[in-house]
Structure formats: structure tokens, C-alpha cells
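Reminder, nothing fancy here: chain letters follow the sequence lines and each chain counts from 1.
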There are 2 protein chains.
Amino acid sequence: MERSKAQPYHHGQLREALVTSGRALLEEKGIRGFTLRECARRAGVSHAAPAYHFASIDDLLSELAARGFDELAVAMTTEANRAEGGAAGGLIGQGVGYMAFAAGNPALFQLMFSREANRLESAALTTTAEKVRALHAAAIEGVIPHASGEIKQRMTDFAGASVHGFISLLLDGQIGGKDSSRALKARGLSLLSAMAETVVRAGG
Amino acid sequence: MERSKAQPYHHGQLREALVTSGRALLEEKGIRGFTLRECARRAGVSHAAPAYHFASIDDLLSELAARGFDELAVAMTTEANRAEGGAAGGLIGQGVGYMAFAAGNPALFQLMFSREANRLESAALTTTAEKVRALHAAAIEGVIPHASGEIKQRMTDFAGASVHGFISLLLDGQIGGKDSSRALKARGLSLLSAMAETVVRAGG
DNA sequence: GCTCAATCTTGACGATGGAAAGAGGCAGAA
DNA sequence: TTCTGCCTCTTTCCATCGTCAAGATTGAGC
């Protein structure tokens, strides 16, 4: 078969190329429209080529989800550091970073927090997901360092659930159907401030 | 082909049978493992039989999701009516019903609030989903009838997001990995009471 | 009892994930 | 340098999927 220089027999960076094309495909077609063969096509290789780099389609999805959690952690940390207003401001900033990542990568976000991802049971996936949870718990700890363990857990649950729930409902179309992007951001920020206020008050 | 009395040529209740087998299959295999042919197999008909009752696999999924929202509304109403403690107690009860439905039908719940469901654009689906949102808004209205519209919306977002977020994270394995079922219920109730407290306080 | 439309079966098509077998190319040993 | 072995990729094949088209079956209404 004829083969140009741009398409040598050995790709060289196929794993990375598959991750890149896979991520784009995921956002385009959603989880149910995601196919391994289309990933391979976009990477310019045959449909069986991915097999060497990823044992199965779930293995590739697992990698995408794990990298998503890494990026999510970065987004949370970046926004938290940029925020003003001390520990409570940092908590709000974390929420902003969380929502911004989800809004920018809706299909990936859904994959990361889907039941299917949970079944993947990849070590990298559980590790990176745990890092995100640790970041969140640390932010709560910073706001109410002297509260009891029970209250800390309750506020961790509460804060995490409200941020995650809000952006999830928004991306699923259950919230703000006809609102403008600007109005939705305002609603998000309003929710974040109410959340932070609740946490602060719980600290005594 | 030989055909027993129990398997006549015309099924008679095929639509309902497909909904039933489909729902069971969904919980067993998850969204990605859901196939139309397996639904047909379990209903005892050929693989092409469903076509007459459902235009496509998405059409069947849409029906499942719509019925899920109906059941969710019933679960919320039932628990809210059973609850004591006035309007605030009713709000908590609604949350209990919401979480109980989700815990009892995790895959269906995920389907109902998935991006794919959003793409289905079925009229029945949007209607039943809207009913659930209206129930929730009414419960908030009952707790803080004299608050401003802005505060009502903020608390509707906040309450809905925290309940939805908590049970979603729980079902996805992001919360309470090794906790007992009893401990998780306690965490859920703790979150619900914190949620109700925040709403009540927001009312002035 | 006949007709006909609704319902179901059979068979086919293109697409998918995965396995098996072979071809190509690089790196280290001779 | 040449050869050898292994990693990578292609080709081919299989079972399964959703969907369509065509034929078989049945019950309801004339």
C-alpha cells in the first residue's frame, strides 16, 4: 500500500494521538457515540492499531477519565490560588474551577462521574479521583479548622454535593433552559456564595 | 418454527414487555451494555419485533427515562406527605424520596440525568422532568413563601443541587467507599437537615 | 368466510469491538 | 555491516449490534 512520509508504517506517538482524538470524539459524539475505530481513523491508523496501546475501549475511556481528573485538580487549584477572601474565598474559587472545567468538557466530565467509569476500576483513575476529593476536603478544613469531625464531613458532603449537583444539572439541561450564559454564571456564583456562607456558619 | 401456546405469534403486550425487560437490562448492564436485541430476547420475540413499538433504541431509552421521572415524582410526593415537621419536613421528605428512588434505580437515574437523555428531545421526557422540578420548586415555596424571587431561586438551586449531587456522587462511588449502608443513610439525612436549615434561614 | 392491516419473523447490510496472523521497521548482537 | 528478534502496525476474520426490507401470521371488521 502506498504510504507518504507523513504516514509512516510506525506512528511513533500513537498512544498520545489516540488520547487526543478520543477526547475530541467524546465531546463531539458523547459517550454512546464514542467508538474505537473512529479514534483510530482520526489518528490515521488502522482500526486494530489501538489494541497494542489500549487493551480495550474501556481502557482508553479509563485513561481519558484519569487525565480529566488531573486537569480538574489543576483547574480547582489554579482558581483557588487566584481567589481573594482567605480560606472561604479559596473554597469558592475551587468551586469556580470545578464548574469551569465541567462546562468546558461536559462529555468528559460526565464520563468521569459515570457508573461506567466506576466499573473500569483502573488504579490511575481511582488515584486521580481521590486527589480531587482530597483537595476539596482540605479547602473545607481551611475554612472551619476547629469544627468537629462530624461537622467537617457534613460540610464536605454539602459543599461538594451542591457544586457537583449544580453544574451537573446545568449541563444536563435540567437547570436554566433559556437563561443566558451570563445569567447562568451569576446563578452559579450565587450558589457558591450561599454554599460558602453555610460552611462558615457551621464552623461556629 | 414450532411455537407453544405461551409464545403465540402475536405477543399482545410487547410494548410493556420491552419496557420491563429493558429496565431490568439497563440496571444489569448499564447504559453502554444496553442493547435492543437483548431486550427483544428477554421479551421472547425476534430481534426486529421492537421496531414496530419503538422507532429506535433511543426511543425506548426515552420511554424508560420518562417513566423514571414519573416514578421519581411519585416517590418524592409520597415521602413528602408522610413526613412530619411542616413545610421544612416536607422538603426533607422530598429529598428522602429522591435519594431512595435513585438508590433503587441507579442506572435508570443516571440515564434520566445524562447528556444522552437530553439529546433525545422527547416531549414526554421533557414534560415529566419538568414536573419533578415543579414539585421541588413548590416545596421551597412552602418553606419560604415570603422570600424574594431571587432568594427563592437561589435556594431552589442550592437545595436541588445538594440533594442531586450527593446521591449522584454516592452512586458513582465518589462518596463513602467503605461506609456501611446505615452510615451512608445517616450522612444523607445529615445533609438533608443541613440543607433544610439553610433554606429556612434564608427565609429570614 | 374474506380481506386487510397490524404484528411478528427471517434475512440482509454496514458498522462495531476484538482476536489471529502476517508485514514492516528499528535496535542490538554477531 | 548484516542478521536477528521484538515492537508496532495492517489485514483478515468473527460474533454482535441497530436498522431496513420482505414475507409470514393472525385477529378484527365487513
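Between B/Gln13 atom CD and C/dA6 atom P there is a gap of 19 Å when expressed in whole angstrom units. Whole-Å rounding puts the A/Phe34 CZ to C/dG17 C1' distance at 12 Å. Here the P atom of nucleotide D/dT16 and the CD1 atom of B/Ile57 are 17 Å apart, to the nearest Å. D/dC20 atom C1' lies 13 Å from atom CG of B/Leu36, rounded to whole Å. Remark: P of D/dG18 and CZ of B/Phe54 are 14 Å apart, rounded to the nearest angstrom. Nucleotide C/dT16 holds its P atom 12 Å from the CZ atom of A/Arg42, rounded to whole Å. Atom NE2 of B/His53 and atom C1' of C/dT9 are 13 Å apart (whole Å). If you measure from atom CZ of A/Arg15 to atom P of D/dC7, you get 16 Å, rounded to the nearest angstrom.
Note on B/Ser46: every side-chain N or O is 4.0 Å or more away from OP1 and OP2 of C/dT10. Between B/Arg41 and D/dC17 there is a side-chain polar atom (N or O) within less than 4.0 angstrom of OP1 or OP2.
Pairs engaging residues 73-100 of chain A under the salt bridge (charged side-chain N to carboxylate O under 4.0 Å, His left out) rule: A/Glu79-A/Arg82 [sequence neighbours left out]. Listed by first then second residue, pairs satisfying salt bridge (charged side-chain N to carboxylate O under 4.0 Å, His left out) with a partner in residues 169-178 of chain A number zero, not counting sequence neighbours.
Between A/Glu71 and A/Arg67, none of the side-chain N atoms (NZ, or NE/NH1/NH2) sits under 4.0 Å from a carboxylate O, so this pair counts as no salt bridge.
Near DNA chain D, meaning a heavy atom under 4.0 Å from it, residues 16-33 of chain B has no residue at all.
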Show me the donor-acceptor pairs, under 3.5 Å and distance only, between side chains in residues 97-113 of chain B and residues at least two apart or in other chains.
{"from": "B/Tyr98", "atom 1": "OH", "to": "B/His164", "atom 2": "ND1", "distance (Å)": "2.8"}
{"from": "B/Asn105", "atom 1": "OD1", "to": "B/Arg23", "atom 2": "NH2", "distance (Å)": "3.0"}
{"from": "B/Asn105", "atom 1": "ND2", "to": "B/Phe101", "atom 2": "O", "distance (Å)": "3.0"}
{"from": "B/Gln110", "atom 1": "OE1", "to": "A/Arg115", "atom 2": "N", "distance (Å)": "3.2"}

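Every residue meeting the side chain to side chain donor-acceptor pair (under 3.5 Å) condition with B/Ser62, not counting sequence neighbours, appears here in chain and number order: B/Ser122. Evaluation of the salt bridge (Lys or Arg N to Asp or Glu O under 4.0 Å) rule for B/Glu38 yields B/Arg41, B/Arg42 as partners, not counting sequence neighbours. For B/Glu150, the salt bridge (Lys or Arg N to Asp or Glu O under 4.0 Å) partners two or more places apart in sequence, or in a different chain, are B/Arg154. When the salt bridge (Lys or Arg N to Asp or Glu O under 4.0 Å) test is applied to A/Lys131, the partners found at least two apart in sequence or on another chain are A/Asp70.
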Please enumerate all protein N or O atoms sitting under 3.5 Å from an N or O of nucleotides 12-14 of chain D, with distances to 0.1 Å.
{"from": "D/dT12", "atom 1": "O4", "to": "A/His47", "atom 2": "NE2", "distance (Å)": "2.9"}

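B/Leu91 contributes atom CG, which lies 4.5 Å from atom CD1 of B/Ile140 (distance to the nearest 0.5 angstrom).
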